[in-house]
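Reading through the C-alpha cells given below for one structure.
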Amino acid sequence: LAFLYFLGYDKNQTPPLVQFGFQFLLLFVLATIPGGIISKSAYGVSLADADWLHGGAELLLTVTNLVIVAGLRAANAGDVRQNNAIRAGALAT
C-alpha cells in the first residue's frame, strides 16, 4: 500500500494508466487469497492444482500486466491523452 501511495505522488509523474494497473494488482491479490482458501478447503488441493480457480487468478494478473504495459507504452510515446483515455475506458467497463 505504501508503494501505491508513493506511486501516486504528483512529483513522480506516474502515468495514470500505470497507476491504475498497479492498483488493479490489488484485485489479483484479493482474489488469489480466497481462491487458495477455497481450493484447499473444498477440493483439498493447492490453488495451482485447481485449474479453473488458478486460471481466473492468472487472468487477473495478465490483465494487470497488459494495463501497466499499455500505460508505459503510451507514456513512452509521450501521449498523455491516450493514457487518460485508456484509463477512462478501463474504468467505464
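This structure is a prediction, so every number in the text was calculated from the model and none was measured.
- With rounding to the nearest 0.5 angstrom, the NE2 atom of His54 is 9.0 Å from the CG atom of Asp49.
- Here CD of Gln19 is found 13.5 Å from OH of Tyr9. Values are rounded to the nearest 0.5 Å.
- Looking at every heavy atom in both residues, Ala50 comes nearest to Ser39 through CB-CB, 3.9 Å.
- Ile33 is linked by a side-chain contact (heavy atoms from CB on, under 4.5 Å) to Val29, Ile37, counting only residues two or more places apart in sequence or in another chain.
- If you take CG on Leu17 and CZ on Phe22, they are separated by 11.0 Å, rounding to the nearest 0.5 Å.
- The closest side-chain heavy-atom distance from Thr64 to Phe24 is below 4.5 Å.
- The only option from Leu60, Asn65, Leu66 that meets the side chain to side chain contact (heavy atoms under 4.5 Å, CB included) definition with Thr62 turns out to be Leu66.
- With contacts defined as side-chain heavy-atom distances shorter than 4.5 Å, the pair Leu1/Leu26 qualifies.
- Thr14 places a side-chain N or O within 3.5 Å of a backbone atom of Leu7 that can act as its donor or acceptor partner.
- Under a 4.5 Å side-chain heavy-atom cut-off, the cluster of Ile, Leu, Val, Met, Phe, Trp and Tyr residues that includes Ile38 is completed by Tyr43, Val45, Leu47, Trp52, Leu53.
- Under the 4.5 Å side-chain heavy-atom criterion for Ile, Leu, Val, Met, Phe, Trp and Tyr, Leu72 and Leu4 are members of the same hydrophobic cluster.
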Exercise. Apply side-chain contact (heavy atoms from CB on, under 4.5 Å) to the pair Leu25 and Leu61, showing each step before the final yes or no.
Key: CA-CA 7 Å; Leu25 184 62; Leu61 185 58; 3.9 Å; yes

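- Both Val18 and Phe3 are members of a single hydrophobic cluster when ILVMFWY side chains are connected at heavy-atom separations under 4.5 Å.
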